[in-house]
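The analysis underlying the following values was restricted to heavy atoms, covering all of them including side chains, and did not include hydrogens, waters or symmetry mates. Order of appearance sets the numbers: ligands from 1, and atoms from 1 within every ligand.
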Amino acid sequence: MTKFFKIAAATALLVSSVMAAEYTIKLTHVVSPNTPKGKGADFFAKRVGELTAGKVEVVVFPNSQLYGDGEEMKALKLGNAHIAMPSFSKFTSIVPEMQLFDLPFLFRDDDHLHKVLDGEVGKIIKDKVTAKGFVALDYWDAGFKHMSSNKKAILLPTDAAGQKFRIMSSHVLEAQFKTIGANPQVLPFSEVYSALQQGVVDGAENPLSNFYTKKFNEVQTDLTLSAHGYLGYLVVMSESFWKKFPNDLKPMVLQAMREATEYERKEAALDDADTLAKINEYAKTSGTLKVHTLTPEQKAAWAKAMEAIYPQFYSVVGEDLIKKVQAVK
Ligand code: SIN
């Protein structure tokens with residue numbers, strides 16, 4: 001077959017497969033396809049196609065291509081996008097209690113985190129999101145966040161004092177940086193690389209997958225494996241879209257989502273170790289980035305400094321909800 005015929009055949013196949021789909025689900029997210037969230041979204045799209053025998057097509061728009069931070073929730077409300085998986089902080093203005101998950105040093109480890117998300121507290125939060133007119137589906141993982149800077153190594157809270165840090169829009173994250181004398185600045189995720197590059201901010205906090213896939217390692221000199229907070233997602237669907245979606249196809253979409261959640265969480269767990277190895281390799285070969293591990297004493301100093309903000313959020317988040325999380329064994 002000539003190159004022309006190959007292209008024509010591929011185009012015909014693509015067009016016929018697109019034409020075969022009776023329903024389209026538009027899924028939007030802001031990170032790289034090569035992150036656990038990106039891979040989970042692509043897996044979901046594939047499984048929906050398989051389980052509905054091509055009747056439903058999920059079109060994934062990664063990298064803020066369709067909607068950026070702050071626009072996703074509005075797009076779902078208007079039915080312009082159908083599924084999104086924003087990080088918890090992006091729900092702040094809709095469900096302020098979700099800032100619970102931004103509290104530093106709240107989760108002891110992955111096991112504690114998943115017990116909380118899949119248990120009573122996770123359900124309470126989902127119900128609040130549902131009450132605001134969204135379909136709350138599943139919790140997905142990014143990972144624990146680490147601090148980075150292009151000014152100096154951040155080993156103790158005093159090292160961060162005076163530095164400007166990009167944060168997501170969350171009062172908890174703002175307080176977390178203010179309490180250590182740093183200057184937090186809210187910026188959309190899509191602007192973080194250029195803000196770091198141009199010195200608009202000095203540092204940021206990210207899980208390793210976002211740090212590496214967005215190449216923040218190229219514009220930061222120091223990464224501290226602080227694991228001081230957690231970044232996760234709630235997968236949400238447009239209520240107006242779901243109400244109109246055919247009832248006979250709903251179970252397949254929900255089944256695909258359950259499978260995607262299991263897959264995404266496994267990917268996130270694997271990705272962390274894999275990405276750290278890549279970052280360490282980059283640090284070794286580039287000579288422009290240093291990766292720091294904290295001693296138990298340094299980590300304790302961070303926890304002490306940052307946990308001091310909890311009482312500020314007892315009224316917004318609910319002291320009972322915080323205590324419920326801490327009580328989960
Ligand atoms: C994301 O992982 O969806 C982006 C998180 C951020 O804004 O830092």
Side-chain angles (χ1 to χ4, degrees), residues 27-42 44 60-76 81 83-94 98-99 101-104 113 117 129 134 137-149 164-174 176-177 182 184-197 200-217 219-220 223 226-236 260-261 264-265 267-269 271-272 275:
L27 186 156
T28 168
H29 69 79
V30 301
V31 295
S32 154
N34 203 23
T35 53
K37 175 158 78 172
K39 289 181 193 169
D42 292 343
F44 170 70
V60 179
F61 298 90
N63 285 321
S64 311
Q65 256 168 33
L66 200 55
Y67 298 105
D69 294 345
E71 296 165 343
E72 287 185 319
M73 302 302 286
K74 279 184 215 144
L76 292 180
I83 296 186
M85 40 274 293
S87 57
F88 299 138
S89 318
K90 316 270 166 78
F91 289 83
T92 299
S93 60
I94 297 163
M98 270 183 92
Q99 293 174 100
F101 299 129
D102 288 337
L103 285 169
L113 163 77
L117 294 180
V129 174
F134 297 93
L137 295 169
D138 283 346
Y139 292 106
W140 284 14
D141 285 335
F144 283 89
K145 291 178 291 182
H146 307 283
M147 278 191 208
S148 62
S149 165
K164 286 178 272 168
F165 284 90
R166 177 268 170 170
I167 56 164
M168 296 176 278
S169 177
S170 153
H171 302 302
V172 168
L173 299 180
E174 196 180 333
Q176 165 195 281
F177 278 108
Q185 294 203 13
V186 175
L187 285 174
F189 187 63
S190 55
E191 289 174 24
V192 180
Y193 182 91
S194 61
L196 290 171
Q197 189 184 39
V200 174
V201 288
D202 306 308
E205 51 163 15
N206 285 285
L208 297 176
S209 54
N210 283 354
F211 182 80
Y212 188 70
T213 54
K214 285 293 174 193
K215 300 190 186 337
F216 298 159
N217 49 306
V219 285
Q220 295 280 263
L223 170 68
S226 50
H228 60 280
Y230 168 74
L231 184 93
Y233 310 113
L234 178 61
V235 185
V236 273
T261 299
E264 197 273 348
R265 287 186 181 186
E267 278 298 310
D271 185 273
D272 228 33
T275 305

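- Counting heavy atoms under 4.0 Å from ligand 1, residue L231 touches it through the side chain alone.
- Not counting sequence neighbours, the partners of F101 by the ring-ring contact (aromatic ring centres under 6.0 Å, His included) test are F88.
- No side-chain donor from either of Y212 and N206 sits under 3.5 Å from a side-chain acceptor of the other.
- The ligand atoms of ligand 1 that sit less than 4.0 angstrom from a heavy atom of M168 are 5 (C), 6 (C), 7 (O), 8 (O).
- Two residues are said to be in side-chain contact when any heavy atoms from C-beta on lie closer than 4.5 Å; M168 and L173 meet this criterion.
- Which parts of ligand 1 touch K37 is read off a 4.0 Å heavy-atom cut-off, strictly below it: atoms 1 (C), 3 (O).
- Every atom of ligand 1 with a heavy atom of F189 under 4.0 Å away is listed here by number and element: 4 (C), 6 (C), 7 (O), 8 (O).
- Among all non-hydrogen protein atoms, the one lying nearest atom 2 (O) of ligand 1 is Y233 OH, 2.5 Å.
- The shortest distance between side-chain heavy atoms of K215 and Y193 falls below 4.5 Å.
- Listed by number with element, the atoms of ligand 1 under 4.0 Å from a non-hydrogen atom of R166 are 6 (C), 7 (O), 8 (O).
- Contacts between N210 and ligand 1 below 4.0 angstrom, taking non-hydrogen atoms only, involve the side chain exclusively.
- Heavy-atom contacts of K90 reach the following atoms of ligand 1: 4 (C), 5 (C), 6 (C), 7 (O) (cutoff under 4.0 Å).
- Looking at residues two or more places apart in sequence or on another chain, you find no side-chain hydrogen bond (donor to acceptor under 3.5 Å, both in side chains) involving D272.
- Residue V30 approaches ligand 1 through these ligand atoms, each under 4.0 Å from one of its heavy atoms: 1 (C), 3 (O), 4 (C).
- Looking at F134 and M73, their side chains come closer than 4.5 Å, going by heavy atoms from C-beta outward.
- Within the cation-pi definition used here (under 6.0 Å to the ring centroid, within 45° of the axis), K37 qualifies as a partner of Y233.
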